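Reading through the structure tokens given below for one structure.
So that the names make sense, note that chain A is the first sequence line, chain B the second, and so on, each numbered from 1. Remember, predicted model here, so these are calculated numbers, not experimental data.
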Number of protein chains: 2
Amino acid sequence: MPRVLIVEDEPALRRALAINLKARHYEVDAVGTGTDALAAAATGELDLVILDLGLPDLDGVEVIEGLRGWSQVPIIVLSAREAQAQKVRALDAGADDYVTKPFGMDELLARIRAALRRAEGTEPVPAVVATASFTLDLAAKRATRDGAEVRLTPTEWHLIEALVRRPGTLVPASQLLAEVWGPAYEKETNYLRVYFAQLRRKLEAVPGTPEHFITEPGLGYRFEP
Amino acid sequence: MPRVLIVEDEPALRRALAINLKARHYEVDAVGTGTDALAAAATGELDLVILDLGLPDLDGVEVIEGLRGWSQVPIIVLSAREAQAQKVRALDAGADDYVTKPFGMDELLARIRAALRRAEGTEPVPAVVATASFTLDLAAKRATRDGAEVRLTPTEWHLIEALVRRPGTLVPASQLLAEVWGPAYEKETNYLRVYFAQLRRKLEAVPGTPEHFITEPGLGYRFEP
DNA sequence: GCCCCGCGTCAAGATGGCGTCAAGATCGTC
DNA sequence: GACGATCTTGACGCCATCTTGACGCGGGGC
């Protein structure tokens with residue numbers, strides 16, 4: 001479910017927003033100051049920010065600019081002020097939408113859906129992994145070796161994703177098994193042997209001496225870009 | 001300069017909007033009915049649509065749905081109505097923003113800038129898709145194969161739109177089902193089997209060995225241009 | 001030098017997804 | 001109210017994939 005950060009200094013409204021969003025199964029963080037908002041945005045993976053302009057510490061536009069310095073996350077601004085100039089400044093600073101208090105919760109939820117829908121199409125990260133002998137497009141599910149298309153099965157993709165997410169890092173066998181087959185399969189290391197053999201046969205230049213899918217005996221496996 | 005289509009039945013407001021936008025150096029088209037709006041959108045390359053909901057011929061939501069069937073162009077809705085339900089319907093139908101009359105021209109211009117700024121990154125999806133054996137006009141809902149017209153049912157169009165939006169990219173079966181039949185149908189993969197069989201029979205040169213509607217077993221489907 | 005455990009390899013059986021077809025159910029139209 | 005088109009639902013055979021077991025190899029410990 002999408003993660004939403006609520007930035008609202010008034011406790012009553014903050015709680016009301018959080019409850020309403022949680023009831024729609026969003027994951028909700030809520031803070032009361034602009035400083036906390038920037039800190040929360042810096043640590044977590046956010047899908048949307050709901051930002052009240054009337055904050056005690058920072059001007060709302062500063063918060064927007066602080067976020068836009070490094071993030072494309074959609075921002076919906078709330079404000080009690082009717083001032084046109086305020087709206088224009090917020091929108092030009094990088095806000096996606098502007099809702100004037102008092103607002104209907106239905107409308108806000110609809111605007112949240114609209115903002116999330118727009119954001120979901122734009123995939124800034126192509127999620128492509130390339131090595132000397134093959135390339136992997138995790139998003140499009142395409143694999144090529146020496147320019148030729150290679151077919152991978154669903155389990156092979158799942159295993160590759162679990163491993164490639166941490167390039168150069170050793171991933172314990174139990175963790176791979178838990179992620180791909182489920183926690184109940186943590187001891188079935190023979191699955192890994194079978195599937196890594198298939199992956200090496202399909203992707204490695206010399207399957208006998210793998211250069212990218214490395215076995216660390218007794219520990220796990222490592223992907224070397 | 002960005003091309004903007006104004007859809008507004010009241011001549012005075014239509015003129016006022018057109019003059020203001022032209023003064024900001026936008027390229028402006030202006031029409032007074034929903035039918036003209038869809039026709040204008042189908043022919044030209046548009047960057048933004050400003051849509052009044054109170055049109056004489058079509059319901060505003062129908063216009064939004066008609067556009068969203070094949071185009072990702074940003075839509076800003078204007079409306080005199082304060083009704084929450086109206087806003088929610090328009091936004092969920094695919095509108096990007098909703099401005100209530102009376103509005104300040106500064107605010108509208110700021111929202112236009114915000115919508116265009118967002119759309120900047122996303123490349124447009126062509127309304128006409130052509131392959132070696134068939135062509136699809138998503139805007140006009142026309143399909144031809146070897147020059148002859150082919151009839152597609154509404155569900156077939158809906159499925160094609162969901163798939164063709166990401167050419168060459170794998171689209172998960174659950175996503176196609178959620179988009180065409182609704183989130184409750186994510187497990188009904190037999191629908192996809194039936195409808196892809198129909199599409200291949202109607203469009204592929206050799207339905208038995210499809211070249212454009214590719215099944216990735218266990219994952220989903222892929223459109224290959 | 002021998003034994004044992006973990007890894008790679010292979011192949012056969014089980015499984016589940018896919019394509020196909022056709023019969024109802026439903027919707028829209030005249 | 002009847003007709004046609006479209007959508008839904010179920011059944012069936014086939015095949016890629018997954019699972020499972022057996023075997024050989026090699027390195028480390030005794």
Between A:E156 and B:Y191, which has a closest nucleotide on DNA chain D that is more 5'? B:Y191

How sharply is the helix from C:dG1-D:dC30 to C:dC30-D:dG1 bent, taking the axes over five pairs at either end and rounding to 10 degrees? 30°

Donor-acceptor pair, B:R142 side chain versus B:L136 backbone, under 3.5 Å? no

Pick the closest DNA chain D nucleotide for A:T155 and for B:Y185 by heavy atoms, then say which residue is nearer the 5' end. B:Y185

So do A:V77 and A:K87 actually touch side chain to side chain, heavy atoms under 4.5 Å? no

Nucleotides bounding contact with chain A, strand DNA chain D, heavy-atom threshold 4.0 Å: D:dT17 to D:dT20

B:F196 vs B:Y221 aromatic rings, parallel, tilted or perpendicular, using cut-offs 30° and 60°? parallel

Would you say A:R200 and A:T215 are linked by a side-chain donor-acceptor pair, where the criterion is simply a distance under 3.5 Å? yes

Look at the side chain of A:R145 and the backbone N and O of A:K202, then say whether any donor-acceptor pair between them is shorter than 3.5 Å. yes

Ignoring hydrogens and geometry, is there a side-chain-to-backbone donor-acceptor pair from B:E156 to B:T153 under 3.5 Å? yes

Base versus backbone protein contacts along nucleotides 3-20 of chain C [heavy-atom cut-off under 4.0 Å; B, S, -]: ----BBBB------SBBB

Tell me if a side-chain donor or acceptor on A:D97 pairs with a main-chain N or O of A:I76 at a distance below 3.5 Å. no

Has B:R111 got a side-chain atom pairing as donor or acceptor with A:Y98's backbone, closer than 3.5 angstrom? yes

Whether A:R68 side chain and A:G94 backbone form a donor-acceptor pair below 3.5 Å: yes

Is any side-chain heavy atom of B:V31 closer than 4.5 Å to one of B:L5? yes

